[in-house]
Amino acid sequence: MIFRSIALFALAALLEIGGAWLIWQGVREHRGYLWIGAGVVALGLYGFVATLQSDANFGRILAAYGGVFVAGSLAWGMVADGYRPDRYDVIGALICLAGVGVIMYAPRG
């Protein structure tokens, strides 16, 4: 169950960050409407993937996903744009991921 949840968060991050990046490339880097359209589709798919989490609480899922988004955005920047995070970026991302773990996977009774 936890592995499925983590996989869904990773897929959601790929779709949302990738979609935003495609739109950025289409508009800011003048790559055109095809890139923008692909980004819009990816962002729409992100919305559906988020609904596949087993937890029924929208606020919890999106709050936890926020931490995944932070770490994923830094990783995307490294791979796609050659960005090199400094130690504070890395520490911040690790704190966010720890928050994801607490929000999503802490035992509840």
Student: What are the two closest non-hydrogen atoms of I23 and I36, and how far apart are they?
Tutor: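 Distance-wise, the nearest heavy atoms are CG1-O, 3.8 Å.
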
Student: If we only count heavy atoms from C-beta on, is the L94 to V90 side-chain gap below 4.5 Å?
Tutor: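 They are in contact (side-chain heavy atoms under 4.5 Å apart), so the answer is yes.
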
Student: Provide the closest heavy-atom pair for G19 versus A42 in the form atom of the first, atom of the second, distance.
Tutor: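 Looking at all heavy atoms of both residues, the closest pair is CA-CB, 3.7 Å.
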
Student: Do L15 and F48 have side chains that approach each other closer than 4.5 Å (heavy atoms only, starting at C-beta)?
Tutor: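 Result no, sub-4.5 Å side-chain heavy-atom pair not found.
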
Student: Would you say that N57 contacts I61 through its side chain, given a criterion of any heavy-atom pair below 4.5 Å between the two side chains?
Tutor: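 No, their side chains stay 4.5 Å or more apart.
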
Student: Quick one: pull up CZ in R60 and CD1 in I103 and give me the separation to the nearest 0.5 Å.
Tutor: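 R60 atom CZ to I103 atom CD1 measures 9.0 Å (nearest 0.5 Å).
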
Student: Indicate yes or no: at least one non-hydrogen side-chain atom of Y105 is less than 4.5 angstrom from one of I6.
Tutor: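 Yes, their side chains come closer than 4.5 Å.
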
Student: Hey, could you give me the OG/CE distance between S73 and M78, rounded to the nearest 0.5 Å?
Tutor: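 So the OG of S73 and the CE of M78 are separated by 13.0 Å.
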
Student: Would you say I17 ends up clustered with V27 if hydrophobic residues are merged whenever their side chains have heavy atoms under 4.5 Å apart, either directly or through other cluster members?
Tutor: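 No: no chain of side-chain contacts under 4.5 Å links V27 to I17.
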
Student: Hey, does D81 have a side-chain heavy atom less than 4.5 Å from the side chain of W21?
Tutor: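 A side-chain contact exists here, since the closest heavy-atom pair is under 4.5 Å.
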
Student: Report yes or no: do V102 and I95 belong to one cluster of Ile/Leu/Val/Met/Phe/Trp/Tyr joined by side chain heavy-atom distances under 4.5 Å?
Tutor: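 V102 and I95: separate clusters.
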
Student: Can you tell me how far apart CZ (F69) and CG (L74) are? Round to the nearest 0.5 Å.
Tutor: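 If we round to the nearest 0.5 Å, F69:CZ and L74:CG are 10.0 Å apart.
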
Student: Does a donor on one side chain and an acceptor on the other come within less than 3.5 Å for Q53 and Y65?
Tutor: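 No - no donor-acceptor pair under 3.5 Å links their side chains.
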
Student: Spell out, yes or no, whether L43 and W76 are grouped together once hydrophobic residues are joined by side-chain heavy atoms under 4.5 Å, including indirect joins.
Tutor: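 Looking at the clustering, W76 is in a separate group from L43.
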
Student: Rounded to the nearest 0.5 Å, what's the gap from CG on L8 to OG1 on T51? Could you check?
Tutor: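 With rounding to 0.5 Å, CG (L8) is 9.0 Å from OG1 (T51).
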
Student: Above 12 or not: heavy atoms from other molecules or residues under 6.0 Å from CH2 of W35?
Tutor: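 Enclosed: over 12 neighbouring heavy atoms sit under 6.0 Å from CH2 of W35.
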
Student: Return the CE to OG distance between M1 and S54, rounded to the nearest 0.5 Å.
Tutor: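 So the CE of M1 and the OG of S54 are separated by 4.0 Å.
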
Student: Hey, could you give me the CZ/CG distance between F9 and L52, rounded to the nearest 0.5 Å?
Tutor: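 The CZ atom of F9 sits 11.5 Å away from the CG atom of L52.
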
Student: I'd like to know if the side chain of D86 and the backbone of Y88 have a donor-acceptor N/O pair within less than 3.5 Å.
Tutor: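 Yes: the side chain of D86 pairs with the backbone of Y88.
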
Student: Treat each ILVMFWY residue as a node, draw an edge where side-chain heavy atoms are under 4.5 Å apart, and state whether L45 and L14 are in one component.
Tutor: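 Same cluster: L45 reaches L14 through Ile, Leu, Val, Met, Phe, Trp or Tyr contacts under 4.5 Å.
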
Student: How close do P85 and D89 get, counting heavy atoms only, and between which atoms?
Tutor: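 Answer, listing the atom of P85 first, then D89: CA-OD2, 3.3 Å.
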
Student: Looking at every non-hydrogen atom in both residues, tell me the closest pair between V70 and C96 and how far apart they are.
Tutor: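 Heavy-atom minimum between the residues: CG1-SG, 3.8 Å.
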
Student: In this structure, would L22 and V41 fall into the same cluster of hydrophobic residues linked by side-chain contacts under 4.5 Å?
Tutor: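 Yes, one cluster joins them.
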
